[in-house]
Each structure stands twice: as C-alpha cells, then as structure tokens.
Enquirer: 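I'd like to ask some things about the structure below.
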Number of protein chains: 2
Amino acid sequence: MPYHHGNLKQTLLDAALELTAATGPRGFTLREVARRAGVSHNAPYRHFRDRDDLLAAVAAQGFDQLNGSMQRAARKATPLARLRRSGIAYVDFALRWPQHFAVMFDSPWNKSDYPECAAAAERCFGTLVAFVAACQAAGELPPGNTDEAAYRAWSLVHGIAKLANAGQFPWHSRARMLRFCAAALE
Amino acid sequence: MPYHHGNLKQTLLDAALELTAATGPRGFTLREVARRAGVSHNAPYRHFRDRDDLLAAVAAQGFDQLNGSMQRAARKATPLARLRRSGIAYVDFALRWPQHFAVMFDSPWNKSDYPECAAAAERCFGTLVAFVAACQAAGELPPGNTDEAAYRAWSLVHGIAKLANAGQFPWHSRARMLRFCAAALE
DNA sequence: ACCTGAACACCGTTCAAGT
DNA sequence: ACCTGAACACCGTTCAAGT
C-alpha cells in the first residue's frame, strides 16, 4: 500500500469536477471522488473539511470559469452590446454545464463559511456591474443606481438559465434557447 | 402491531410537507417521513413509487399553492398592475417557503415521469400568460408573441427569487427584497 | 504529515413474510 | 390490499492505528 502522490488535493478537485459534470450535486459523493482519485474513502478529509467544503471548491472554480466566459464574450463591442453578450454567455454557460451551474447556485454554501467561493461569486457580479456602469457612462442605459440595475440584469439571465435547465421552456435546442435569451435582453 | 388508518397516503403527504419546510430537499428522507407518519420505513412504497415520486407530489402541491397566491394577489386592479402584483407574489412565496420552492424547481423530476407535477406547473404558467394577454389586449403591453413575453416575465421573477434564496443579494429583510422586485418590474 | 481500515449511524430499495 | 422486519449495498464521518 504505497502512499499517494504529492498533490492529492488537486487530484481530488479534478475528480470532483469530473464527477460533478457526470452526475450533478445529487450524485456527488465523497466516497466516489476518493475512488476516482485512487485513495481510501477518508483521505479527502486531510484536504477538505467535509463534503460541503469540497463542493464549495468545485463551485468556486465554476464561478471563475463563468467569469472568464462572460469577459471573453464581451470583447470588441459597444458598452450595451458587451452587456448583452455577457448575459448570453451566462445562459450559454448554464446550458453547457448544467450540473456545475447547479452546484454553484443550489448548494447551500453560505458566504461566511466559504469565503473563497463567495469571493469568486463576487468577481462574477463585479464584471456585470462594470458592464452596466459603462453603459450608463456612455448614455446607453439610464443613469441611476448601478448595483440595482446590475442585480436586475443578473436576475433576468439567471432566471432564464434556471428555468431552461429545469425543463420549463418548450424549446429543446440550445440555439433556440439563446435566441430567446437575446430577444429578452433587447 | 396494529394496522394504520385508512388514508396513509394523505398522512405521508402531510408529513412530507412538514419535513420539506423544516429541512429542504437535501434533508428530505423517505425514512424520516415514514417515522413522522408512524409507520415502518417502507410502508410509503405502497403509495409512492420511490423517493422522487413523493417529492414530486410535494412539488405539485407547491405549484398549486403558488398559483393561488398569484391569483389572490392580482384581484381588483388594472391588467398591468395585476401582472406586477402576481410577480411580486411569486417572489414573496419563494421567500416565505424557500425549501418548498427548491423542491419545486431544483428536483430533477422530468415532465414525462411526473405528469401531475408538470400539469400543476403548467397551470401556474397559464395564469401568467392570461395576465400578459390581458395587458396586451388593453394596450398596456406592446402586442407580439404572448408566450414569449410571459416567459420573459417569469424568468425575471424566478431569477430574483432564486438569487435571493441563494443569498446573493445584499438585502436581508423580505420587505427590502420585495421593494427591489417591485422596482425591477417597472 | 499523510494515508488506511474498522466502525457507527444513517440512507433507498427489495423481498419474504404476516393480517 | 396493506403493512412489517430482515437484508443488501450504499452514504458521511470519526477514530485508532500505520509509514
């Protein structure tokens, strides 16, 4: 029974990401993660407090990926077009990685217990706020409380993403879903 | 060991609703429901296919209650005010019964396996569509695809509800949350 | 410091009974 | 028809070890 490699933590995270994509929050099992990483079922406790702690790490990684997607989608455009494209990118991310998206928003990690995860979520929202502020500065959105306008935009795309993943919309192709999203952001 | 009363099914449903309110989808356990109903841990299988089936029944009941709340909130007002009030009622319901709301939208019951639940959700959406249609007929909303307009309104309030329950907004009182919601629906 | 194996108290689900 | 009790294969988490 030899010891494991030096960086079990990263191995566990990778296995957790794979398992998340495959089965979602409900099938996410500490013992299965350990199995995939090739270690005993309680080796993870050396690196994560408990199941929720590992899940929070997965969520944090998701927020960073989402943030990257939004920023990439918004390059080279007018302020309002940037805002819209980032919103479409948000929904696209949710449709492509529904299970990861569910871990990010449906797991009850609270901000005080999982500060890293909360910080990653904050960075996402910060990106949105910056886009809204640019629109207001350019006169493409009415002036006013920037945060509230950003929360409103976030709510709209988040609702579309969630309802779509819950199967509440009648459209079944991702392309059709994104067309609806684009129209809703007009 | 005497037999149980005649309508164990309703007793189980009541216990399931209580347990849902207390602990949410994650703490929802078939064995705990049976315990609260005072029967053995597999008596529920006489009345529900499995855990997800009982959960779907809980969700269906939630959709009917939500529908009632939306309709009651929308009495005696102009078409546009009815639509807005029903949207605020939607968010208010989610804030008051966060766990029940989570069971309704985060459990992966699919429409084909749980037709009763899907029908209850459809009735909710139908209420929204009727309000939107009335607005269009009265010239208080621009004409166009009624369903798409309703899906857009649904997405907005659903996103507000979900993000609020996920703790992503900075406001902590329900009153403040509903003020934001009312402003977002302007 | 880092990992293992046994152990405990839970699950969902199935099956052979009992009335 | 409706319910019980034992059984099976899983969990998360803890604890006493091993290297």
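We name chains A, B, ... by the order of the sequence lines, and we start the count at 1 in each one.
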Enquirer: Report the distance from atom CD1 of B:Ile88 to atom OG of B:Ser69, rounding to the nearest 0.5 Å.
Expert: 13.5 Å
Enquirer: Relative to each other, are the rings of B:Tyr151 and B:Trp154 parallel, tilted or perpendicular (30° and 60° limits)?
Expert: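 Rings of B:Tyr151 and B:Trp154: parallel, as their planes differ by under 30°.
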Enquirer: Go through it in stages, so that I can follow the logic: the residues are B:Asp92 and B:Arg85, the test is salt bridge (Lys or Arg N to Asp or Glu O under 4.0 Å), and I'd like the CA-CA distance, side-chain angles, deciding distance and then a yes or no.
Expert: CA-CA 10 Å; B:Asp92 187 50; B:Arg85 287 185 196 178; over 6 Å; no
Enquirer: Taking only side-chain N and O atoms of A:His47, does any of them lie within less than 4.0 angstrom of OP1 or OP2 on C:dC2?
Expert: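 No, because none of the side-chain N or O atoms of A:His47 sits under 4.0 Å from OP1 or OP2 of C:dC2.
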Enquirer: What about the rings of B:Phe101 and B:Tyr90, do their centers lie closer together than 6.0 Å?
Expert: yes
Enquirer: I'd like to compare against my own output: the B/S/- annotation of nucleotides 7-17 of chain D with a strict under-4.0 Å heavy-atom distance to protein.
Expert: B---BBBBB--
Enquirer: Going through the checks in order, is the side chain to side chain donor-acceptor pair (under 3.5 Å) test met by A:Thr146 and A:Gln136?
Expert: CA-CA 8 Å; A:Thr146 305; A:Gln136 292 179 321; 2.6 Å; yes
Enquirer: As a check on the pairing definition, encode DNA chain C in dot-bracket form, counting Watson-Crick and G-U wobble pairs whose two distances are under 3.5 Å, and using | for partners outside this strand.
Expert: ||.|||||...|||||.||
Enquirer: Without decimals, in angstroms, what is the distance between B:Lys9 NZ and D:dC3 C1'?
Expert: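 Between C1' of D:dC3 and NZ of B:Lys9: 17 Å.
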Enquirer: Measure from the side-chain N and O atoms of A:Arg123 to the backbone N and O of A:Asn67, and report whether any donor-acceptor pair falls under 3.5 Å.
Expert: no
Enquirer: Whole angstrom is fine here: how far is it from CZ in A:Phe48 over to P in C:dC3?
Expert: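 So the two atoms are 12 Å apart, to the nearest Å.
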Enquirer: Looking at B:Glu116, I want to see if its CD is surrounded by more than 12 non-hydrogen atoms of other residues, nucleotides or ligands under 6.0 Å.
Expert: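 Open.
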Enquirer: For A:Phe63 together with A:Phe105, are the ring centres under 6.0 Å from each other?
Expert: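 Close enough - the centres of the two rings lie under 6.0 Å apart.
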